[in-house]
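First up is the structure itself, then whatever we jot down about it.
Note that the coordinates shown come from a computational prediction; the quantities given were computed from them, not determined experimentally. Naming: A, B, ... by sequence-line order, numbering from 1 per chain.
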Amino acid sequence: MPGDEKKIVIKNDWCKGCGICAEFCPKKILYIYNDKVNIKQEDECIKCGLCEMRCPDYAIYLEEFMCKEDKSYA
Amino acid sequence: MPGDEKKIVIKNDWCKGCGICAEFCPKKILYIYNDKVNIKQEDECIKCGLCEMRCPDYAIYLEEFMCKEDKSYA
Amino acid sequence: MPSKVIKNNFRVERLPHIWCPGCGHGILMRAIAVAIEELNLDKDKICIVSGIGCSSRAAGYMDFNTLHTTHGRAIAFATGLKVANPDLKVIVISGDGDSSAIGGNHLIHACRRNIDITTIIFNNNIYGMTGGQYSPTTPNKEKGTTAPYGNIDKAFDICELASGAGATYVARSTVYHVKKMIEYVKKAINHKGFSLVEGASVCPTYYGRKNKKGSAVDLIKGMKDNFVDISAKDKLNKDDIKNKIFMGEFKNVQEPEYIEEYFKIIDMFKKEVSM
Amino acid sequence: MPSKVIKNNFRVERLPHIWCPGCGHGILMRAIAVAIEELNLDKDKICIVSGIGCSSRAAGYMDFNTLHTTHGRAIAFATGLKVANPDLKVIVISGDGDSSAIGGNHLIHACRRNIDITTIIFNNNIYGMTGGQYSPTTPNKEKGTTAPYGNIDKAFDICELASGAGATYVARSTVYHVKKMIEYVKKAINHKGFSLVEGASVCPTYYGRKNKKGSAVDLIKGMKDNFVDISAKDKLNKDDIKNKIFMGEFKNVQEPEYIEEYFKIIDMFKKEVSM
Amino acid sequence: MHNNIKFLQGNEACVHGAIYAGMKFFAGYPITPSTEIAELSAVMLPKIGGRFIQMEDEIASMAAVIGGSLGGLKSMTATSGPGFSLKQENIGYACITEIPCVIVNVQRGGPSTGLPTCPSQGDVMQAKWGTHGDHPIIVLSPISVSDTFELTVKAFNFSEKYRMPVILLMDEVIAHMREKVIIPNEGDMVVVDRKKPAVEASEYKAYEYTEDLVPAMANFGEGYRYNVTGLVHDETGFPVNSTEEAERLLNRLMGKINSNLDDILIYEEYLVEDSNVLFVTFGCMTRSTKEAVNKLREEGIKAGMFVIKTIWPFPEEKIKQISKDKDMIFVPEMNLGQIRQEVERVVKTDCNIYGINKANGEIITPEYINECVKEVLGKCLAK
Amino acid sequence: MHNNIKFLQGNEACVHGAIYAGMKFFAGYPITPSTEIAELSAVMLPKIGGRFIQMEDEIASMAAVIGGSLGGLKSMTATSGPGFSLKQENIGYACITEIPCVIVNVQRGGPSTGLPTCPSQGDVMQAKWGTHGDHPIIVLSPISVSDTFELTVKAFNFSEKYRMPVILLMDEVIAHMREKVIIPNEGDMVVVDRKKPAVEASEYKAYEYTEDLVPAMANFGEGYRYNVTGLVHDETGFPVNSTEEAERLLNRLMGKINSNLDDILIYEEYLVEDSNVLFVTFGCMTRSTKEAVNKLREEGIKAGMFVIKTIWPFPEEKIKQISKDKDMIFVPEMNLGQIRQEVERVVKTDCNIYGINKANGEIITPEYINECVKEVLGKCLAK
Amino acid sequence: MKKELRLTGSGGQGLILAGIILAESVIKNGFNAVQSQSYGPEARGGASKSEVIISDKDINYPKVNSPDLLLCLTQKSFDKYAKNIKKKSILLVDSCVNIGDNIGTDFCYKIPIIDTAKEKIGKQMVSNIVALGAIKELIEDIEDESLKESILARVPQGSENLNIKAFNEGKMLIKNISNRS
Amino acid sequence: MKKELRLTGSGGQGLILAGIILAESVIKNGFNAVQSQSYGPEARGGASKSEVIISDKDINYPKVNSPDLLLCLTQKSFDKYAKNIKKKSILLVDSCVNIGDNIGTDFCYKIPIIDTAKEKIGKQMVSNIVALGAIKELIEDIEDESLKESILARVPQGSENLNIKAFNEGKMLIKNISNRS
Ligand SMILES: Cc1ncc(C[n+]2csc(CCOP(=O)(O)OP(=O)(O)O)c2C)c(N)n1
Ligand SMILES: Cc1ncc(C[n+]2csc(CCOP(=O)(O)OP(=O)(O)O)c2C)c(N)n1
Ligand code: SF4
Ligand code: SF4
Ligand code: SF4
Ligand code: SF4
Ligand code: SF4
Ligand code: SF4
Ligand SMILES: [Mg+2]
Ligand SMILES: [Mg+2]
């Protein structure tokens with residue numbers, strides 16, 4: 001499964017705490033604390049990438065760990 | 001008949017001899033001579049006003065002689 | 001002695017106008033005068049606003065309040081005039097270049113605002129005043145002095161553009177179909193909101209000559225053949241449609257008018273004061 | 001360490017960008033980068049051209065040839081760039097104000113010419129950069145600092161305007177519907193001719209605040225509910241249609257492209273010489 | 001706080017001044033740092049039956065303002081550098097058609113987009129020469145928030161009296177700072193309205209050559225049906241292609257200014273008389289300069305300051321006259337020496353003229369001015 | 001007729017000159033009396049693989065020309081007064097972004113629509129000050145049809161060499177008259193191309209501070225991915241909000257001109273040395289003036305003529321120097337004294353300066369010039 | 001008498017309004033006042049600076065050279081503006097700010113302005129008014145009554161009580177320190 | 001040697017082209033020449049004026065002051081331009097023009113230029129070339145061969161013969177008068 005190779009990453013200094021990722025995370029595992037995003041249960045993350053897709057500040061994303069070829073980011 | 005009260009008038013000094021009136025006169029009674037419009041058989045004129053309507057220089061028109069009320073010019 | 005409609009609506013001492021023999025603009029200018037005459041409007045309340053171009057010279061001949069502005073900006077001047085004094089009947093006369101090249105932005109925004117101004121476009125498909133350069137309405141492949149090898153631009157359909165931008169009355173006629181022209185101008189003037197009537201005109205001097213389309217007479221004869229009323233569209237087969245240009249009323253709807261809406265705000269404060 | 005798509009397409013040292021927390025522009029800017037990445041284009045051949053506005057600041061962050069021009073004129077600059085070097089992929093990023101207020105004329109003329117440029121409009125329905133004045137896309141009755149009593153203007157439908165002006169690819173998506181946005185941008189870039197993708201954005205700082213519409217999250221939730229794909233239009237009843245905004249591909253046709261047509265003339269002379 | 005005392009931004013004072021002067025129409029397009037003028041106009045105008053419209057760009061705004069004025073309402077627009085550049089064509093139109101209106105330009109750092117939020121005085125020459133062809137123009141530049149109120153009223157008055165566009169050349173410092181303003185009561189300040197025709201419509205000549213050079217102006221819709229054109233025209237308002245009429249028209253247009261200098265030139269003097277070090281200053285730089293003058297005086301240097309409020313027409317004669325017995329003139333400006341060049345042109349004595357210039361987006365400090373002065377003085381002593 | 005000898009209008013010579021200089025892109029919008037430049041460009045450019053585009057207005061034309069130049073083609077636009085006013089905002093953009101291009105303004109009677117088919121020299125000051133903010137600009141003005149060819153080539157050369165917009169300020173007289181022009185062979189005249197970067201893309205700084213003050217310019221698409229903005233920027237091309245960088249940038253921009261005056265200033269002298277009555281002249285007025293000088297000489301009056309071809313930067317030092325031993329200077333201009341004011345500014349001797357001015361749509365005749373001179377001479381004798 | 005104040009923090013903290021209220025209040029007492037602010041291009045959520053000069057004479061140069069009172073509500077603004085503070089000036093910082101140990105002034109007040117707004121008033125938005133209360137206690141020439149009047153005239157309708165409460169809490173923050181000392 | 005010519009008539013008569021051809025032809029012979037024309041705003045079909053100055057020296061002032069030869073093809077142009085003609089100048093008018101009896105010059109030629117074009121050549125359009133033929137006969141320094149060359153270089157392809165014929169007819173018009181006299 002492709003999801004296995006991915007991991008959610010937060011770039012804290014870029015996060016402006018807007019809460020968009022949290023609102024639209026289907027698993028509701030993101031939350032804002034002290035104006036920054038945080039993850040509740042990382043293991044519940046389904047690696048759907050919706051948070052990355054809608055983060056206006058590129059502060060949260062899925063990193064592929066064993067990627068050989070460019071996958072679609074859409 | 002309303003036509004009876006009208007008469008075709010040519011304002012020679014304004015005519016630029018473009019020939020538009022002559023071309024579209026349904027009775028073909030207008031012609032251009034020496035760069036000005038002229039009438040062949042005035043009595044054949046049906047007072048349709050098409051010449052007036054399309055003369056770009058307002059050099060030919062129907063004059064109403066006994067008009068009491070404003071008639072449509074269209 | 002000129003005819004009554006001319007005497008009543010023109011500055012006769014300034015005629016004959018500067019337009020070339022056979023120029024279609026004279027026909028359209030008269031059509032506007034007839035429309036005004038038939039509507040029995042107060043001459044002192046009529047403003048003719050124009051830009052720069054052969055067509056825009058119309059303003060100087062008509063016996064109303066006349067404002068000959070800068071190239072392309074007539075509608076913007078007209079907007080100020082109308083907002084300042086809503087009692088005025090503001091009519092813009094503009095060329096295809098004036099209204100749709102340099103003036104395109106003001107045109108679409110007036111459409112959008114639906115401000116109560118009537119715009120009549122004398123569309124001769126060319127920049128006449130400057131000597132025959134192609135305009136945004138010059139048909140593809142035709143020539144202009146700046147399109148010596150044939151125009152590669154696609155032409156605007158001004159009526160479509162205006163509709164897309166939100167105008168509430170849009171119609172087209174030609175210098176051949178003068179009665180229709182007068183009818184549409186009358187309806188446009190009476191329309192509450194932004195109205196646009198495109199009058200297809202002819203420029204024998206440049207457009208006709210450059211494109212070897214003959215005299216004014218030839219050009220107008222062409223109109224007789226090529227323009228078809230929009231109501232007949234469905235009856236035509238595909239091949240016929242290609243070579244035809246449609247005329248008629250394309251749009252006629254009622255929507256909130258800009259100035260009326262603004263006065264609602266003013267009235268709101270008036271009421272507040274009187275309360 | 002930022003993500004791969006960011007590293008590959010952005011000037012990372014200039015991030016984070018100046019946009020406010022929750023500003024939709026960042027979402028759209030990323031969508032463009034993803035589209036470019038997926039199309040595997042040569043970065044050296046991509047030009048991003050923008051005007052002035054919050055949205056137009058995008059140019060400075062993207063790691064291509066970037067041209068941040070004057071307010072409203074991006075498309076005109078882009079036209080020169082593309083005509084001078086047709087090998088370039090020219091993408092304009094513009095705001096609703098930049099493209100449809102002051103820049104409206106250049107927009108409609110680029111549509112008309114069908115020149116091979118892709119324009120992406122970040123439409124937040126407001127002038128963000130200058131602090132929240134209403135724009136040509138601010139919905140009627142909403143507020144802006146210059147519409148303190150509610151906007152009385154009618155809003156442009158930018159997609160309709162572009163279609164009426166002759167654009168050959170026209171689509172709309174939103175910061176909520178990002179996948180669609182990416183898809184349309186990709187298609188637009190690949191389209192030969194003038195293509196336009198409107199991306200509905202959000203400005204929580206001014207639009208949201210002025211209109212008491214809450215946070216960025218609230219605004220984006222609104223989009224989820226209000227935007228409906230155009231394909232579903234026929235299935236909706238009249239009342240539903242009123243409150244919906246349509247998205248999707250509105251136009252996708254092939255017509256002669258400006259630069260290709262121009263090169264036919266050049267080639268004609270080349271042949272003449274070689275004969 | 002007394003109702004008439006307000007604590008306002010320069011931009012706000014401008015709107016209050018305009019309304020005091022009778023403004024009933026504002027057309028504009030937002031641009032930093034002038035936007036507050038549009039915003040406050042949008043709030044205030046409908047309350048007094050006036051009208052605000054946001055146009056699609058600055059060109060349209062300028063056009064609408066001219067149209068609005070011809071429609072009978074006192075009209076204003078406001079912008080900053082880039083928008084001011086765009087308005088130029090239609091400003092020329094207002095000049096030749098003699099339609100009163102007020103254009104506010106809140107200067108910001110240029111050229112081009114430059115430093116959009118920073119102050120500058122870089123548009124001094126543009127305000128006179130920005131549009132093509134010779135033309136008359138009046139340009140006023142306020143030195144404080146309350147002065148902004150006053151000069152806005154005067155700008156409207158001049159524009160109505162002389163039938164010409166008047167430019168209020170502000171700078172970001174004055175535009176955005178807040179100070180106390182006392183709003184005068186109705187009648188306290190003169191408000192001038194355009195001269196209306198005293199003749200029948202049939203006798204009316206819209207561009208008549210009268211003794212005062214200013215033709216009476218009928219508004220559209222008042223029963224005088226005349227023609228307005230940006231082409232050279234004769235006294236009837238219709239275009240003519242005659243060298244005589246062209247000359248006559250331009251002479252009258254320029255004459256409206258040249259024969260009314262006493263009325264139009266506004267300036268202030270501060271410790272000028274006994275000074276030998278003279279500052280010539282305008283706009284926000286007046287503020288730094290006054291502080292500098294005070295400090296120099298404290299140190300025993302006889303400094304004085306001439307404050308130009310009417311920048312165009314330039315107060316040539318006055319400056320010529322007061323410069324006669326001065327040793328040196330300093331012109332501190334937030335540009336590369338635009339007013340200095342004018343001073344150089346008019347001062348024909350041996351008096352040395354020095355520019356103190358910065359065009360970097362910051363107001364020049366009193367300290368820097370004094371440093372510059374002392375450097376020069378030091379050199380003179382060394383000689 | 002020899003292939004290289006042509007009988008051309010000034011406007012046509014301009015296009016030939018531009019093509020000689022390497023023009024490959026023209027964007028414009030027609031306007032009298034410049035239209036022939038667009039028309040001939042439309043005819044000629046595709047034949048040499050170049051491109052002509054008619055834009056929707058002058059603003060777009062100016063924008064397209066800047067875009068075209070950045071895309072790698074030498075680019076030009078042409079217009080007249082009203083269009084020149086509209087181009088101003090984007091001219092300022094070209095100044096601050098240092099994108100080479102040539103803007104032709106064929107002056108016609110202003111202000112506003114004015115006298116559209118008549119000659120004028122009314123845009124001299126606008127050419128320098130038309131856009132907001134201080135900025136560098138080079139303005140050349142030809143005196144004949146063949147001079148138009150030459151100065152067009154030089155305009156391109158300067159624009160490429162110094163990376164700035166150059167304005168060719170023509171007038172309707174020169175633009176529409178026909179004269180003999182000898183088109184030089186390839187190589188006869190120098191043609192300058194922009195300096196290209198000599199470094200790797202990763203090392204490239206688009207706005208580097210180099211000794212010659214002119215940064216190397218990469219065209220878009222050549223592998224250097226950089227940012228161009230009208231905001232104040234540092235040497236990387238990215239916006240900064242720093243007074244130091246703002247000052248540094250403006251200093252460099254102005255320095256490109258100030259440190260190259262010897263190269264940029266073009267002028268001619270005619271019988272200047274032994275003259276005591278000096279004319280300072282430019283453009284078509286050179287023609288009337290030369291005739292006037294010849295007639296005055298015939299009558300024993302020692303007249304001479306200084307012809308300004310580079311109007312901006314103004315040849316201050318040169319005029320200062322040659323005016324030293326002159327009794328009087330006459331400046332005949334088809335405007336109200338725009339160059340005269342500059343002469344007044346720079347000439348600090350007792351030498352009297354007189355304007356001979358008409359702004360009525362006609363070239364001033366040699367006879368009128370001589371009348372004016374004699375009137376002054378008569379008064380002097382009477383004293 | 002001449003006092004220069006500089007209020008700094010981030011975009012939405014209402015410091016411009018605070019400056020205006022302050023200046024307006026002293027004008028009522030016959031003083032002159034000038035208020036100005038910085039407009040960075042990065043004003044969107046970035047640093048914010050509001051300056052007030054109060055004087056019994058004409059105020060010429062309108063910018064603050066070196067403030068008699070500097071307020072810093074954020075770390076960023078402290079880092080940017082507190083460096084060159086005069087020895088005799090008052091430095092007022094929110095407790096969230098880390099001031100290090102190299103303060104140039106002898107008069108530094110670190111108080112929980114934002115927390116007071118959040119916790120005692122329940123609205124972080126009124127931090128600016130809390131700060132005003134503190135400033136009132138630190139600058140002599142500011143009158144309690146006229147300052148309150150100004151606050152009431154400028155805050156949104158319906159929020160008057162809240163703001164007066166915030167103002168009083170602000171005053172208390174300083175009074176408590178003074179009492180303690 | 002310096003000659004000033006003014007060719008006048010109405011819009012479409014090709015007088016500007018005639019002036020260009022004339023000037024171009026003398027340039028080939030080493031002379032200098034300047035051609036210019038008036039652009040009235042009413043150029044649409046209105047009056048037209050084309051001026052040529054020929055000289056063996058530099059030509060400075062490029063406009064014609066008082067022509068050595070004045071051509072008038074229409075009554076309007078005659079009325080406008082013939083008033084101030086010099087006594088020694090040549091006046092060449094089309095026969096359609098009513099010249100009255102107060103002509104200022106001693107050298108007036110009234111010849112059927114337009115009719116010749118219409119009737120002998122069959123194209124009114126070539127009136128300008130007929131006029132050139134006549135002018136050639138009246139002005140010394142114009143050479144037959146180079147003028148013909150110039151005509152051929154500037155007229156539309158395919159119309160060469162017609163134009164040379166027109167040119168010759170024009171010459172004949174003057175020659176006939178001279179012969180008669
Ligand atoms: C700013 C500006 N640009 C260009 C011109 C030159 N100009 C005058 S009229 C015109 C085109 C007119 O075309 P159109 O509006 O179609 O009118 P027409 O003459 O064809 O009736 C142009 C380009 C101008 N006067 N002002
Ligand atoms: C000629 C000119 N006029 C006005 C401005 C001021 N201005 C800058 S951005 C802007 C509006 C931007 O709105 P939009 O394009 O919608 O972008 P947003 O900030 O909303 O993303 C305005 C009016 C300017 N810079 N230049
Ligand atoms: S990848 Fe999907 S599930 Fe995981 S955190 Fe992001 S939005 Fe939530
Ligand atoms: S969307 Fe991005 S910026 Fe917003 S809270 Fe999530 S990670 Fe932070
Ligand atoms: S009125 Fe009709 S019939 Fe009579 S001349 Fe005119 S067009 Fe012909
Ligand atoms: S249409 Fe008018 S101008 Fe033309 S020929 Fe007939 S009368 Fe004369
Ligand atoms: S040039 Fe064309 S549009 Fe202009 S007046 Fe002549 S025919 Fe009409
Ligand atoms: S002001 Fe609005 S558009 Fe601009 S950055 Fe902030 S949220 Fe985005
Ligand atoms: Mg046209
Ligand atoms: Mg926006």
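Within 6.0 Å of atom CD in E/Glu299, more than 12 heavy atoms from other residues, nucleotides or ligands are found, so the atom counts as buried in its surroundings. The 12-atom threshold is exceeded at NZ of E/Lys295, counting heavy atoms of other residues, nucleotides or ligands nearer than 6.0 Å. Atom NZ of G/Lys86 has more than 12 neighbouring heavy atoms from other residues, nucleotides or ligands inside a 6.0 Å radius. At most 12 non-hydrogen atoms from other residues, nucleotides or ligands lie less than 6.0 angstrom from CE of G/Met125. By the neighbour-count criterion of 12 heavy atoms within 6.0 Å, atom NZ of G/Lys110 is densely surrounded, having more than that number from other residues, nucleotides or ligands. Residue-environment remark: CG (G/Asn161) stays at or below the threshold of 12 foreign heavy atoms within 6.0 Å.
E/Arg178 places no side-chain N or O within 3.5 Å of a backbone atom of G/Val52 that could act as its donor or acceptor partner. For G/Gln37 (side chain) and E/His176 (main-chain N/O), a donor-acceptor pair under 3.5 Å exists by modelled atom type.
By a heavy-atom distance cut of under 4.5 Å, E/Ile363, E/Ile364, E/Thr365, E/Pro366, E/Glu367 are the residues of residues 355-371 of chain E near chain G, going up by number.
Between G/Arg154 and E/Phe7, the shortest heavy-atom contact is NH2-O, 3.5 Å. Shortest non-hydrogen contact noted between E/Lys180 and G/Phe31 is NZ-O, 4.4 Å. Nearest heavy-atom pair, G/Ile59 versus E/Glu179, reported as atom, atom and distance to 0.1 Å: O-OE2, 4.4 Å. Closest approach of G/Tyr61 and E/Glu291 over heavy atoms only: N-OE1, 3.3 Å. Across E/Arg287 and G/Asn60, no two heavy atoms sit closer than the pair NE-O, 2.8 Å.
For the set G/Asn65, G/Asp58, G/Val34, the count of heavy-atom pairs under 4.5 angstrom toward chain E peaks at G/Val34.
With a 4.5 Å cut-off on non-hydrogen atoms, E/Val145 does not touch chain G at all.
Note that CG of E/Asn294 is 10.5 Å distant from NZ of G/Lys57, once rounded to the nearest 0.5 Å.
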